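The block underneath contains the structure these notes are about, expressed in structure tokens.
Residue numbers count from 1 along this sequence. From a predicted model like this one, the values you see are computed outputs, not experimental measurements.
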Amino acid sequence: MFSYIKSDYGYTKLRKNFGRQTLFQKVPAHIVDSIIPNKDEQKQYMLRNPVHRLVQSTMAQSENETNTEPVVVHEQGINHTEGGWPREVHIYNEDHVNRHRRRVMHDDNYVHTVLNLAPVMNHYLDQNNAIELYQAYFCDMESQKPVEKYDVKIANVFRDPSSRPISCIQWTNEKKPKLVVAYSNPRTTHENNSCFFWDLNRQTIPAHEITPEEACWQLACSSLNPEQVIAGLQNGTVNLFDIREGKKPISQTSIYNSHRGPITALLYTHSRTQTEFFTGSLDGQCLWWDVRNLNQPIDCLIMSIKLRPNENPNIGNAEGISSMEFNSSLSTRFLCGTESGLVLNVNRMGRTHSETLPSYWEAHSGPVRTVQRSNCTSRMFLTCGDYSVRVWSEEVHTAPIIVTRPYRYEVTDATWAPLRFSSYMVVCKNGTFYYWDFLRKYKEPLTALKLSQNELTKISPYSDGESVAVGDNFGALYLLHLSENMTTPDFNDKHLMMQTYERETRREHILDNRLKEINLRARMEQEAIINSPGDDQNEDDLQKLTDEYFKIIKQDLRDAESFSRSLSIT
């Protein structure tokens with residue numbers, strides 16, 4: 001048996017070396033040790049060729065796929081009007097129904113079921129009768145944010161290399177529409193008079209280009225040939241372009257048979273061949289043309305509305321045209337906005353000049369920049385000018401039926417939404433785009449978007465309502481996309497908007513009649529004062545009567561204004 005021997009070895013270290021920080025240094029590489037291969041073992045190595053052994057270093061796995069039976073789901077409804085009757089009971093046979101009811105009512109379970117349900121029903125009836133129908137229970141609740149979120153996004157921007165102001169924007173009538181844009185500045189003359197066709201998916205280079213002889217103020221795209229465009233120029237002539245033929249016009253009017261001023265309105269009219277159009281200018285004339293023959297106009301109308309007795313209409317007393325509107329539903333009638341702020345109601349089939357221009361509205365204090373009929377009803381139309389946007393009715397000529405609050409900056413253009421009957425869009429000189437809706441918010445816009453630091457000049461929506469083109473004063477064309485709740489109309493929008501029009505028209509009729517009564521009473525009192533006997537009255541009595549008269553007039557006017565405000569609030 002061996003004895004166990006215990007061996008010890010002690011390591012010594014100074015106390016000052018305990019806990020000292022480890023220091024690392026960069027040293028060059030050096031060989032610590034070199035193991036030389038064994039030459040005897042190298043001689044025993046043999047090369048085997050070929051090798052038929054497989055080596056797998058990972059765990060074996062398998063894959064399995066199964067197909068379960070699909071679950072067929074379909075929706076099914078039932079019209080539960082007569083209750084769940086047994087199959088042997090025919091619901092349209094009164095004898096079968098009465099016989100089944102008597103059988104159920106004589107059952108013992110029926111009586112117990114009714115007795116058990118009676119207390120519950122009595123409780124609900126008493127609870128319903130205890131509720132005060134006209135009490136507001138949730139007045140203190142915080143208002144929730146609206147579910148609808150109105151959104152306007154900038155989809156693309158098309159810029160003119162020459163930074164010219166945009167004077168007109170039109171959409172071509174084709175499956176994949178293009179934007180046709182005219183550039184001009186009334187104050188300056190540009191050497192470049194080109195108009196561009198912009199592809200919506202390409203913003204760097206225009207798809208096509210046309211070059212009129214003068215600066216182009218207005219454009220009109222043909223509904224039959226998307227390649228043809230009519231251009232109204234600054235010198236009063238009209239050029240016809242076909243992009244298949246090149247940049248130059250294929251036909252043009254003579255300066256001797258055209259307008260004497262720049263063309264400010266250019267629209268196609270309703271005709272069998274769809275080749276007729278009419279133009280308006282600052283010279284006060286409206287000319288009708290045919291695309292197939294531009295040698296001379298078909299017809300001419302001078303816009304003279306305020307004629308003195310025995311005065312004939314001529315260019316000297318005509319109203320300069322600033323905008324025009326034509327609706328295909330009224331083929332012989334159109335609206336014309338003038339430079340003096342009037343909107344003329346024109347009937348082309350009138351025999352005399354007074355029948356051709358039967359009425360007018362004093363719309364704005366400056367030029368009427370836009371006039372457009374509502375797509376809800378042709379009796380209502382929209383105008384914009386100075387600092388306001390107004391809605392008018394053909395039945396009321398004294399005042400607009402709807403007036404929005406005045407804008408801080410001048411309004412440059414406005415248009416109805418193509419699909420929503422209660423909405424319209426406005427652009428102003430401060431570069432802001434506004435979207436209004438009379439049924440959602442009556443006194444403020446639904447949304448506003450600051451598009452540019454420059455003045456916005458024109459706005460043109462596409463027929464689908466989703467895309468809107470807006471141009472500014474430095475050649476930038478903004479393509480906007482509206483959210484879905486701003487383009488699709490609700491089911492009752494047209495009916496509610498018609499009710500709004502009728503209510504506002506009725507209110508204006510009431511105010512108009514009241515104002516007529518006030519004027520008639522004032523006239524009668526004035527005649528009574530003039531024809532009253534007693535010429536020996538002194539000046540003090542006459543001054544007293546005059547003061548009383550003006551006091552009555554002011555009081556009646558204040559009453560009419562308060563009555564108008566109360567109707568607008570309701």
Side-chain angles (χ1 to χ4, degrees), residues 152-185 190 192-212 215-233 239-244 246-247 249 263 265-268 277 370 372 412-419 425-427 431 433 435 449 451-452 454-482 486-487:
V152 181
K153 296 181 180 179
I154 300 177
N156 212 338
V157 181
F158 310 92
R159 300 188 184 277
D160 177 36
S162 303
S163 300
R164 297 168 295 168
I166 293 179
S167 59
C168 185
I169 304 172
Q170 293 292 332
W171 295 80
T172 59
N173 187 17
E174 51 188 337
K175 188 175 182 180
K176 293 183 179 180
K178 297 182 182 65
L179 282 168
V180 189
V181 186
Y183 304 88
S184 66
N185 191 348
H190 289 274
N192 184 11
N193 298 323
S194 300
C195 302
F196 296 144
F197 285 70
W198 291 101
D199 191 344
L200 302 184
N201 299 321
R202 187 175 62 179
Q203 64 176 2
T204 56
I205 302 175
H208 303 283
E209 180 183 353
I210 56 176
T211 55
C216 181
W217 281 37
Q218 291 294 324
L219 291 170
C221 298
S222 174
S223 58
L224 293 178
N225 299 321
E227 296 82 9
Q228 288 188 358
V229 177
I230 304 174
L233 308 185
N239 289 359
L240 176 62
F241 293 90
D242 194 326
I243 59 177
R244 297 169 296 184
K247 300 181 181 180
I263 294 179
L266 176 61
L267 294 172
Y268 271 93
F277 65 95
T370 300
Q372 186 179 14
T412 55
D413 200 2
T415 180
W416 290 104
L419 299 180
M425 294 165 279
V426 181
V427 291
F433 166 84
Y435 187 94
L449 179 62
L451 293 180
S452 174
N454 305 314
E455 172 188 343
L456 298 181
T457 57
K458 289 295 178 180
I459 180 173
S460 177
Y462 187 52
S463 58
D464 63 352
E466 180 182 359
S467 301
V468 180
V470 180
D472 71 354
N473 205 27
F474 273 78
L477 178 65
Y478 299 89
L479 181 62
L480 308 181
H481 279 183
L482 308 182
M486 300 172 67
T487 57

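- Heavy atoms of other residues, nucleotides or ligands lying less than 6.0 angstrom from CZ of Arg202 number more than 12.
- Listed for the Gln372 side chain is a donor-acceptor partner under 3.5 Å among the backbone atoms of Trp416.
- Surrounding CZ of Phe474 are at most 12 heavy atoms belonging to other residues, nucleotides or ligands under 6.0 Å away.
- Between His481 and Ser467, some side-chain heavy-atom pair lies under the 4.5 Å cut-off.
- Side-chain atoms of Thr172 never come within 3.5 Å of backbone atoms of Pro226 as a donor-acceptor pair (strictly under, hydrogens ignored).
- The stretch residues 218-231 participates, sequence neighbours left out, in these side-chain hydrogen bond (donor to acceptor under 3.5 Å, both in side chains) pairs: Ser223-Gln274.
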(Q) Run the side-chain contact (heavy atoms from CB on, under 4.5 Å) test on Asn192 and Tyr183 for me, step by step, so that the C-alpha distance in whole Å, both residues' side-chain angles and the decisive distance to 0.1 Å come before the verdict. (A) CA-CA 9 Å; Asn192 184 11; Tyr183 304 88; over 6 Å; no
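- Annotation for Pro418 and Met425: closest pair CD-CE, 4.4 Å, computed over non-hydrogen atoms.
- Taking all atoms of both residues into account, the shortest heavy-atom contact from Phe241 to Ile210 is CD2-CB, 3.7 Å.
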(Q) Pair Ile154, Leu449 - check side-chain contact (heavy atoms from CB on, under 4.5 Å), show working. (A) CA-CA 10 Å; Ile154 300 177; Leu449 179 62; 4.3 Å; yes
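- Defined by atom type and a distance below 3.5 Å, a donor-acceptor pair is present between the side-chain atoms of Asp413 and Thr370.
- The ring pair (Phe, Tyr, Trp, His ring centres under 6.0 Å) search around Trp198 returns Phe158, Phe196, not counting sequence neighbours.
- With a 6.0 Å radius and a threshold of 12 heavy atoms from other residues, nucleotides or ligands, Ile205 has its CD1 atom at or below the threshold.
- The nearest pair of heavy atoms linking Val180 to Cys221 is CG2-SG, 3.8 Å.
- Contact of the Pro249 side chain with the Leu240 side chain is not registered, since no non-hydrogen atoms from C-beta on lie closer than 4.5 Å.
- For the pair Tyr435 (side chain) and Leu482 (backbone), a donor-acceptor distance under 3.5 Å is absent.
- Without hydrogens or angle criteria, Thr412 side chain to Val427 main chain gives a donor-acceptor distance under 3.5 Å.
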Q | Check against side-chain contact (heavy atoms from CB on, under 4.5 Å), Trp217 and Leu266 | A | CA-CA 9 Å; Trp217 281 37; Leu266 176 61; over 6 Å; no
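- Annotation for Phe433 and Val468: closest pair CE1-CG1, 4.5 Å, computed over non-hydrogen atoms.
- A distance-only check finds a donor-acceptor pair linking the side chain of Trp171 to the backbone of Ser460 [under 3.5 Å].
- Checked by atom type and distance alone, the side chain of Thr457 pairs as donor or acceptor with a backbone atom of Gly471 at under 3.5 Å.
- Distance alone, capped at 3.5 Å, is enough to place a donor-acceptor pair between the Ser184 side chain and the Cys216 backbone.
- A salt bridge (Lys or Arg N to Asp or Glu O under 4.0 Å) check over residues 458-482, counting only residues at least two apart or in different chains, returns nothing.
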(Q) Could you walk me through whether Leu477 and Val470 satisfy the side-chain contact (heavy atoms from CB on, under 4.5 Å) test, starting with their C-alpha distance in whole Å, then the side-chain angles of each, then the deciding distance to 0.1 Å, before giving a yes or no? (A) CA-CA 6 Å; Leu477 178 65; Val470 180; over 6 Å; no
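- Checked options Ile243, Leu219, Asp242; the residue passing with Val229 is Leu219 (criterion: side-chain contact (heavy atoms from CB on, under 4.5 Å)).
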